[in-house]
Amino acid sequence: MSIVKVIVCGSCGKMGREAIKTVSKEENLELVGAVDLDNTGKDIGLITQNQALEIYISNDLEFIISNTAPQVMIDFTAPAVVKEHIYTALQNNVVPVVGTTGLTNEDIEEINTWVHRYETGAIIAPNFALGAILMMKFSSIAARFLPQVEIIELHHDQKIDAPSGTALKTAQMIKAEQVKYGIGDASDNKPEEIEKLNGARGGKIEDIHIHSIRLQGKVAHQEVIFGGKGQTLSIRHDSLDRSSFMPGLVMAIKEAVGLKKLIYGLENLIEF
Ligand code: NAP
């Protein structure tokens, strides 16, 4: 495999730092640029791993792309800027590999039109942890057999968007399976609920309740609880530190080279 040139947007953030460390050490990947609003002009290696990499942080994505000619742009920034970054990458025939969450279904559809317009692929993965991908896949299988389901997701207290991208994707995967197999959520026998405290039952998407917890000490966790007659099934995944996301990220970067379509969800890169 030839060397893949990679830039990282959000390189000084929690995920971006982990990505810089991984890309700079990984065989067949070459870190060529670092973009962030913080620490501009500083060597990213001194910030992430106490070792100069001679790659200097810039806040100008266009400039970094035209000066380093990357094949892949990793993005771990924020919901407010990620779409603009994706557009800039696609316009310049750079494949975005996006971990930033908070994109809506409409955003994904719009990004898909850009992918076709610029004939450049994109990978958007709400969760790069392979264990989380299995948790989502197992949940979609369980949905065929147990009619009721609710999702509890737990993250650190600095997370901006709620619910998490993983919870939204899980709900979509479960719903798709329920529709495919003609399964309802068995809500026919439920009484009409009175929510005495607004939000007590969480948010609802695809008819599935999602509960978001934000606490210091947490990283990224999710439990999907299914209910059936006389039984429950809990499927849980815990990311205990941010290294859990790196093998999936590396896999996505390698798949991104030469990609010409949009992949939404890492499960679409895995043969089950
Ligand atoms: P974070 O620590 O806040 O890092 C975000 C970084 O992006 C910050 O350094 C921020 O700079 C920078 N940034 C903001 N706007 C920018 C812009 N316009 N250009 C360049 N850099 C910009 O957040 P995090 O915990 O790393 O998470 C980042 C994203 O990844 C979130 O959406 C999170 O949900 C997601 N995430 C995804 C996965 C996955 O597996 N897909 C896993 C964990 C997290 P400032 O501090 O100056 O704003």
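Counting starts at 1 for both ligands and their atoms, in listed order. Only heavy atoms go into these numbers, but all of them, side chains included; no hydrogens, no water, no symmetry mates.
A donor-acceptor distance shorter than 3.5 angstrom exists from the side chain of Asp36 to the backbone of Ser11, with no hydrogens or angles considered.
Residue contact check: Asn127 has heavy atoms under 4.0 Å from atoms 39 (C), 40 (O), 41 (N) of ligand 1. Listed by number with element, the atoms of ligand 1 under 4.0 Å from a non-hydrogen atom of Lys159 are 34 (O).
More than 12 non-hydrogen atoms from other residues, nucleotides or ligands lie less than 6.0 angstrom from CD of Glu195. Atom CD of Glu54 has 12 or fewer heavy atoms from other residues, nucleotides or ligands within 6.0 Å.
Contact detail for Val97 and Ala256: the closest heavy-atom pair is CG2-CB, 3.8 Å. Scanning all heavy atoms of the two residues, the minimum distance from Pro163 to Leu168 falls at CG-CD2, 3.7 Å.
Distances shorter than 4.0 angstrom do not occur between any heavy atom of Ala220 and any atom of ligand 1. Residue contacts with ligand 1 leave out Ala78, since none of its heavy atoms falls under 4.0 Å from the ligand. Using a 4.0 Å heavy-atom cutoff, Cys12 is listed among the residues neighbouring ligand 1. Ligand 1 has at least one atom lying under 4.0 Å from a heavy atom of His85.
Residue contacts with ligand 1: Cys9 is placed with no nitrogen or oxygen under 3.5 Å of a nitrogen or oxygen of the ligand (distance criterion only). For ligand 1, none of its N or O atoms has an N or O atom of Pro79 under 3.5 Å away.
The single protein non-hydrogen atom nearest to atom 45 (P) of ligand 1 is Asp38 OD2, 3.6 Å, given as residue, atom name and distance.
A donor atom on one side chain and an acceptor atom on the other are not found under 3.5 Å apart for Thr40 and Asn59. Remark: the Asp241 side chain and the Ser243 side chain contain an N/O donor-acceptor pair separated by less than 3.5 Å.
Of the candidates Asp36, Leu37, Val8, Asp36 brings a heavy atom nearest to atom 10 (C) of ligand 1.
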